[in-house]
Amino acid sequence: MSAVLPAGARPADSDAAAAVRARRMTRLTLKGLGKSFQAMTALHALELHTEPGEFISLLGPSGCGKTTTLRCVAGFEYPDEGAVLLDGEDITGLPPERRDIGMVFQNYALFPHLTVRRNLAFGLEMRNVPKAEMARRIDAMLAMVQLTSMAERYPRQLSGGQQQRVALARALVIEPRLLLLDEPLANLDAVLREDMRVFIRELQKRVGITTLYVTHDQAEAMVMSDRVAVMLGGRLQQFVVPEAIYLRPRSVDVARFIGRSNLIEGRVESMLPNEGPWLRFRIETALGTVEADHDQPLAPGQPVQVTIRPEAIHFDGSGPYQGQVATSYFLGSSVEHTVHCAGGQTLLVQTSPGQRVAAGATSGMRFEPGHAWIIAGQE
């Protein structure tokens with residue numbers, strides 16, 4: 001069962017948010033974290049450092065090591081090598097209950113026989129919080145997640161989104177140093193998932209707690225995160241702001257994993273003058289000469305790949321690149337075209353429905369140089 005949040009629903013500011021903000025905002029550091037399960041290496045010397053109050057997403061496909069990383073931070077797994085530090089304190093060997101960490105699980109892990117209020121009280125009772133302080137914290141947290149009126153209900157009487165908010169409130173009411181979320185939106189329907197990712201992000205901003213969020217959903221990571229850590233094959237591939245992950249991937253693997261991307265092989269011809277923040281190069285490809293940017297010097301003749309997102313390419317009869325549209329699929333808010341070009345190059349071109357080009361038509365294409373990014377070697 002699920003229900004869409006009320007229109008414009010946002011976490012209410014409260015004493016609960018102020019109390020967590022008043023605590024020291026935590027820096028999480030992972031130093032050379034390694035973990036194997038029999039013959040399989042799940043993590044390869046992972047290095048990651050957060051700033052206080054950051055929302056960090058670990059993004060990757062199944063089996064990439066993101067959940068293993070989260071479990072090592074939580075204390076449910078112990079790494080074979082490396083260390084987990086909170087504000088410089090090594091907590092690698094501590095059991096979960098001594099790490100001062102709040103966690104939200106994919107299935108929420110609410111106690112079905114306890115009311116919402118009693119679910120929130122459980123962690124506080126384990127910490128011997130006085131009853132008056134416990135009541136104050138619970139009331140403030142329920143108000144913040146807009147569940148005061150449902151305090152005496154049981155989990156089975158709540159929608160999926162309401163259960164999610166109870167799980168968040170239970171993780172935060174103990175006023176932890178760090179918040180961990182393990183694919184918490186995976187069991188919600190599409191509309192509620194979109195509402196909840198905004199709600200969680202707003203809640204995190206108000207509380208100000210450092211947060212580590214595991215997801216395979218690229219849209220979630222892009223919308224919610226201060227920075228995104230892309231993990232593939234147990235290795236950290238790139239760790240930057242969402243815009244850089246999407247527009248300036250550091251490797252072919254990242255470019256292929258994040259959204260849809262055109263990859264064009266070529267060789268550096270020369271460097272061009274450019275007033276922007278990046279170095280600009282002329283690249284010779286089977287498609288023709290392409291202008292693209294990079295952040296490091298490149299040598300003439302150096303083999304590279306140029307990545308261009310489908311929405312950055314435009315049909316233009318006088319454009320410098322020619323191709324024949326092989327397929328044209330309507331996707332609702334956009335149309336995706338597959339275009340066969342010279343030299344065997346195939347491009348994906350995404351346009352608005354009003355700019356659709358029929359399959360079989362031949363058209364020119366263009367894109368601005370600032371939308372083409374160079375991937376050099378095995379970065």
Side-chain angles (χ1 to χ4, degrees), residues 20-21 23-38 40-107 109 123 126-127 167-168 170-184 200 204 207-216 220-221 224-241 245:
V20 179
R21 280 198 302 268
R23 300 202 62 182
R24 178 164 43 111
M25 287 198 294
T26 301
R27 284 184 171 89
L28 169 67
T29 301
L30 308 181
K31 296 180 64 175
L33 218 58
K35 180 67 179 178
S36 296
F37 297 96
Q38 297 180 346
M40 186 196 75
T41 301
L43 294 177
H44 298 265
L46 179 65
E47 297 276 346
L48 187 144
H49 177 80
T50 76
E51 294 301 323
E54 268 194 306
F55 192 114
I56 303 298
S57 286
L58 300 180
L59 173 65
S62 297
C64 72
K66 58 186 186 296
T67 296
T68 299
T69 301
L70 197 78
R71 291 177 62 83
C72 287
V73 174
F76 300 133
E77 298 283 355
Y78 293 101
D80 300 326
E81 57 187 21
V84 179
L85 294 89
L86 293 183
D87 290 325
E89 175 192 353
D90 191 338
I91 64 167
T92 312
L94 293 180
E97 66 272 16
R98 293 182 55 199
R99 296 194 178 202
D100 198 11
I101 290 173
M103 185 160 180
V104 178
F105 298 89
Q106 183 173 331
N107 64 357
M126 294 298 100
R127 288 162 175 79
L168 281 166
R170 187 178 63 179
L172 290 171
V173 76
I174 62 172
E175 298 179 2
R177 298 167 67 184
L178 180 71
L179 178 63
L180 307 179
L181 299 104
D182 185 11
E183 303 209 48
I200 290 172
Q204 187 270 341
V207 172
I209 190 170
T210 305
T211 300
L212 196 62
Y213 186 99
V214 162
T215 183
H216 65 273
E220 279 181 23
M224 301 173 73
S225 311
D226 292 308
R227 286 190 288 169
V228 177
V230 178
M231 297 185 66
L232 299 170
R235 301 179 189 275
L236 181 61
Q237 300 287 323
Q238 193 168 353
F239 183 36
V240 288
V241 298
I245 289 283

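Hydrogens, waters and symmetry mates play no part in the numbers below; they use all other heavy atoms, side chains included.
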Is [Y] close to [X] at the side-chain level, that is, under 4.5 Å between some pair of heavy atoms?
{"X": "Asp90", "Y": "Val84", "value": "no"}
{"X": "Met224", "Y": "Thr215", "value": "no"}
{"X": "Ile101", "Y": "Ile91", "value": "yes"}
{"X": "Leu179", "Y": "Leu181", "value": "yes"}

From [X] [atom1] over to [Y] [atom2], what is the distance, rounded to the nearest 0.5 angstrom?
{"X": "Asp100", "Y": "Thr26", "atom1": "CG", "atom2": "OG1", "value": "8.0 Å"}
{"X": "Met126", "Y": "Ile174", "atom1": "CE", "atom2": "CD1", "value": "12.0 Å"}
{"X": "Leu33", "Y": "Leu48", "atom1": "CG", "atom2": "CG", "value": "9.5 Å"}
{"X": "Leu30", "Y": "Thr50", "atom1": "CG", "atom2": "OG1", "value": "8.5 Å"}
{"X": "Phe37", "Y": "Leu43", "atom1": "CZ", "atom2": "CG", "value": "7.5 Å"}
{"X": "Phe239", "Y": "Leu59", "atom1": "CZ", "atom2": "CG", "value": "12.0 Å"}

Check whether Ser57 reaches the backbone of Phe55 with its side chain - one donor and one acceptor, N or O, closer than 3.5 Å.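 Judged by distance alone, no pair lies under 3.5 Å.
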Minimum heavy-atom distance [X]-[Y], with the two atoms named:
{"X": "Leu85", "Y": "Lys31", "result": "CD1-CD, 3.5 Å"}
{"X": "Gly53", "Y": "Asp226", "result": "O-OD2, 4.1 Å"}
{"X": "Leu86", "Y": "Arg99", "result": "CD1-O, 3.9 Å"}
{"X": "Ala109", "Y": "Arg170", "result": "O-NH2, 2.9 Å"}
{"X": "Ala229", "Y": "Leu236", "result": "CB-CD1, 3.5 Å"}
{"X": "Leu46", "Y": "Met231", "result": "CD2-CE, 4.3 Å"}

Determine, stepwise, if the pair Gln204 / Tyr213 fulfils side-chain hydrogen bond (donor to acceptor under 3.5 Å, both in side chains). CA-CA 11 Å; Gln204 187 270 341; Tyr213 186 99; over 6 Å; no
Do the side chains of Glu51 and Arg27 get close enough for a salt bridge, i.e. N-O under 4.0 angstrom? yes
For residues 61-74, dump all side-chain donor-acceptor pairs below 3.5 Å to protein atoms at least two apart in sequence or in another chain.
{"residue": "Lys66", "atom": "NZ", "partner": "Gly60", "partner atom": "O", "Å": "2.9"}
{"residue": "Lys66", "atom": "NZ", "partner": "Pro61", "partner atom": "O", "Å": "3.1"}
{"residue": "Thr69", "atom": "OG1", "partner": "Gly65", "partner atom": "O", "Å": "2.8"}

